[in-house]
Asker: 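Could you have a look at this structure, given as structure tokens, before my questions?
Positions are given from 1 along the sequence.
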Amino acid sequence: MNFKLIFGGILAAAVAASAWTIDGTVTDKSGTPLAGVNINSFNYAGITTTSDAAGKFALSNDEGMGIANFAQNQLSVKRDGFTLNIANPSGGSFKVSLMDALGKIQMQKTFDTKNASIDLKKFGHQKLMILKVASNSTSENYILNRGALMKAGDPLASLMFALNGYQNTNYVMKAEVETGVVVVMAKEGEVPPKSSSSITPPPSSSSVTPPPSSSSVEPAVTSCTGKTHQSGDFNLSVNVDGKNRTFIMHVPDAYKGDKPVPLVIDYHPIGGTGNGQLNGTTYKAKTDPEGVISFYPDGTGGVSPMGNGWNVGPCCSHDDDVAFSYKMIEYAKQNLCIDTKRIYATGFSMGGGMSNHVACMMNDVFAAVAPAAMDLNINNSTQCKKTRPISIIMFRGTTDFICKYAGGDSGFNDGLNFLGAEKNFSFWADFNGCTGSPTKNSNGCQEYSNCKDGTKVVLCTDYKGKNSHDYGDGETGWNFLKQFTLP
């Protein structure tokens with residue numbers, strides 16, 4: 001029995017996306033409430049609101065579950081020294097499970113009292129454990145790491161506040177429930193408040209160098225001997241420049257290892273994780289029935305106050321994410337039956353920026369890409385390595401307040417100045433040597449179809465979405481991607 005795989009599955013289930021909720025007031029530096037402020041999330045798709053006449057706002061991704069139900073039940077978990085205290089004033093029953101690092105249940109008990117305590121000294125020899133508390137058909141998961149209690153889940157929301165005449169302001173949540181938050185916005189030309197975030201570009205982000213062997217494309221795999229694999233989600237790492245870089249490998253049930261299948265690398269937004277992208281992507285439901293392998297890499301931090309991101313030049317990581325992508329692909333080739341001529345990239349928000357970026361820097365290995373909610377920036381668009389034309393389908397929205405459809409400076413002093421959706425569309429048409437004018441295809445998207453080597457360049461625009469900073473259409477995107485192979 002493979003205990004590592006068992007625990008990996010338990011841990012993956014434990015770290016499902018966090019529920020969160022926030023409310024507060026937006027003011028200027030004098031304390032005057034600001035109405036009509038557009039508030040959006042960088043790392044959670046489709047969540048938006050506008051401050052009212054009194055500057056008030058409220059946002060949540062809770063969808064009526066998780067926090068709301070637990071708040072209603074008033075159930076809470078706290079750690080006091082070596083004791084876990086669970087309070088349930090409603091008096092309803094709740095079930096507590098405690099598992100060790102091998103996935104073995106150390107304790108499982110149903111409580112009918114309003115309060116319960118667990119003595120952690122009984123499990124003092126355990127370095128890592130998972131605590132699950134279930135009440136009224138909902139459950140919360142916690143990780144006990146050397147006794148420290150941590151709520152399981154993806155990073156909390158990173159929010160952007162935008163209003164004409166004012167500098168963009170971002171706010172990163174610190175707890176799952178925040179009330180009475182005051183966000184102060186500075187007018188254009190004013191010195192921003194001390195709490196405002198700015199991003200220092202990494203000094204080495206101006207260029208990336210692929211591995212020496214990346215200049216030629218290997219022939220497609222013809223033998224699948226030894227390439228079978230158990231289905232599931234697996235937490236893996238590869239070494240890049242002396243640093244372990246992590247990613248999730250998703251192997252669907254339909255993968256049998258008896259024939260070469262495509263690989264999709266799906267990049268998360270800034271402030272996100274591979275696990276969050278795994279749970280949020282619109283592609284997996286479409287690729288799974290075809291046995292397609294998908295990877296969900298983790299970006300790194302240290303540059304942006306909004307959390308882990310990608311080095312797309314000049315933001316938002318110090319690490320070489322192109323080299324990381326090459327290493328993941330090499331892992332896939334060695335351990336799975338991958339069709340090396342059918343490797344694709346997609347991503348949301350900064351992950352869309354990263355999938356644009358690898359199209360520029362890695363068109364020797366990616367057959368096609370499908371970015372959503374972000375374009376190339378002026379910096380990395382001038383550095384593209386034109387090994388070959390590459391097909392691309394872009395999903396953009398005219399009401400995207402995070403990455404504006406018209407392009408321009410991001411507004412966060414991070415060095416990012418975006419081409420904008422239309423210029424990004426034109427850039428890739430020129431890159432691929434497309435001729436003529438774009439036409440509307442069967443999906444209602446603009447398409448250049450007369451391009452070199454049979455490539456296509458497509459722009460799908462959402463003109464009506466309330467907040468079109470969102471994931472792309474997985475069905476449209478996958479149907480496009482899988483048409484293309486490396487020459």
Asker: Closest approach of Asn441 and Glu447, non-hydrogen atoms and distance?
Answerer: ND2-OE1, 3.0 Å
Asker: Kindly compute the distance separating OH (Tyr255) from OG (Ser231), expressed to the nearest 0.5 Å.
Answerer: 11.5 Å
Asker: Step by step, work out the side-chain contact (heavy atoms from CB on, under 4.5 Å) result for Leu98 and Gln108.
Answerer: CA-CA 6 Å; Leu98 194 60; Gln108 191 170 73; over 6 Å; no
Asker: Check the pair Asp266, Thr281 against side chain to side chain donor-acceptor pair (under 3.5 Å), reporting the backbone distance first and the verdict last.
Answerer: CA-CA 8 Å; Asp266 203 333; Thr281 184; 2.6 Å; yes
Asker: So, Asn40 and Thr48: side-chain donor and acceptor under 3.5 Å apart, yes or no?
Answerer: yes
Asker: In terms of side-chain geometry, is the basic nitrogen of Asp453 or Arg388 positioned less than 4.0 Å from the acidic oxygen of its partner?
Answerer: no
Asker: Backbone N or O of Lys333 within a donor-acceptor pair of the Lys227 side chain at under 3.5 Å?
Answerer: yes
Asker: Under the criterion side chain to side chain donor-acceptor pair (under 3.5 Å), which of Thr300, Thr273, Asp298 is the partner of Thr246?
Answerer: Asp298
Asker: For the atom pair CG (Leu336) and SG (Cys224), what is the distance rounded to the nearest 0.5 Å?
Answerer: 10.0 Å
Asker: Do Tyr267 and Tyr296 have their ring centres less than 6.0 Å from each other?
Answerer: no
Asker: Check whether Asn170 reaches the backbone of Met160 with its side chain - one donor and one acceptor, N or O, closer than 3.5 Å.
Answerer: no
Asker: Does the gap between the ring centers of Tyr344 and Trp478 come in under 6.0 Å?
Answerer: yes
Asker: Tell me if a side-chain donor or acceptor on Asp462 pairs with a main-chain N or O of Gly397 at a distance below 3.5 Å.
Answerer: no
Asker: Begin from the C-alpha positions of Tyr471 and Phe395 and carry the test ring-ring contact (aromatic ring centres under 6.0 Å, His included) through to its verdict.
Answerer: CA-CA 8 Å; Tyr471 290 95; Phe395 295 92; over 10 Å; no
Asker: Using 0.5 Å steps for rounding, measure from the CZ atom of Phe366 to the OG atom of Ser391.
Answerer: 14.0 Å
Asker: Before accepting this row, confirm whether a basic side-chain N of the pair Asp400/Arg396 lies closer than 4.0 Å to the acidic partner's carboxylate O.
Answerer: yes
Asker: Counting only heavy atoms not in Lys464, do more than 12 sit closer than 6.0 Å to its NZ atom?
Answerer: no
Asker: Using only atom types and a distance under 3.5 Å, with no angle test, would you say the side chain of Asn380 pairs donor to acceptor with the backbone of His357?
Answerer: no
Asker: Please confirm whether the backbone N or O of Asp319 pairs with a side-chain atom of Ser317, one donor and one acceptor, at under 3.5 Å?
Answerer: yes
Asker: Is the number of heavy atoms from other residues, nucleotides or ligands under 6.0 Å of Lys482 NZ greater than 12?
Answerer: yes
Asker: Inspect the contact between Arg245 and Asp321 and indicate whether a charged nitrogen and a carboxylate oxygen are less than 4.0 angstrom apart.
Answerer: yes
Asker: Quick check against the 3.5 Å criterion: does Asn279 have a side-chain atom that pairs as donor or acceptor with the backbone of Asn275?
Answerer: yes
Asker: Can Leu159 and Ile22 be said to form a side-chain contact (heavy atoms from CB on, under 4.5 Å), step by step?
Answerer: CA-CA 10 Å; Leu159 305 175; Ile22 183 173; 4.1 Å; yes
Asker: Do His250 and Asp288 have a side chain donor and acceptor closer than 3.5 Å?
Answerer: yes
Asker: From Asn356 CG over to Ile392 CD1, what is the distance, rounded to the nearest 0.5 angstrom?
Answerer: 4.5 Å
Asker: Taking the ring of Phe42 and the ring of Phe412, is the distance between their centroids below 6.0 Å?
Answerer: yes
Asker: Determine, step by step, whether Met350 and Leu416 satisfy the side-chain contact (heavy atoms from CB on, under 4.5 Å) criterion, reporting the C-alpha distance in whole Å, the side-chain angles of both residues, the deciding distance to 0.1 Å, and the verdict.
Answerer: CA-CA 11 Å; Met350 177 155 276; Leu416 289 178; 4.0 Å; yes
Asker: Is it the case that the ring center of Phe234 lies less than 6.0 angstrom away from the ring center of His229?
Answerer: yes
Asker: What's the spacing between Asp320 CG and Met361 CE if we round to 0.5 Å?
Answerer: 10.0 Å
Asker: Please check: side-chain N/O of Thr455 versus main-chain N/O of Ile390, any donor-acceptor pairing under 3.5 Å?
Answerer: no
Asker: Going by atom types only, do Tyr405 and Ser468 share a side-chain donor-acceptor pair under 3.5 Å?
Answerer: no
Asker: When you measure from the side chain of Asn377 to the backbone of Gly313, do you find a donor-acceptor pair of N or O atoms at a distance under 3.5 Å?
Answerer: yes
Asker: Within the supplied structure, the quantity of interest is the number of heavy atoms (other residues, nucleotides, ligands) at a distance under 6.0 Å from Asp253 CG; does it exceed 12?
Answerer: no
Asker: Charged N to carboxylate O under 4.0 angstrom, Lys327 versus Glu330?
Answerer: no
Asker: Do Lys386 and Phe431 meet the cation-pi criteria used here (NZ or CZ under 6.0 Å from the six-membered ring centre, within 45° of the axis)?
Answerer: yes
Asker: I would like to know whether Phe348 and Gln277 meet side-chain contact (heavy atoms from CB on, under 4.5 Å); could you show each step before the answer?
Answerer: CA-CA 8 Å; Phe348 161 58; Gln277 191 69 7; 4.1 Å; yes
Asker: Between atom NE2 of His469 and atom OG of Ser349, what is the distance when rounded to the nearest 0.5 Å?
Answerer: 3.0 Å
Asker: How are the rings of His268 and Trp310 set relative to one another: parallel (under 30°), tilted (30 to 60°) or perpendicular (over 60°)?
Answerer: tilted
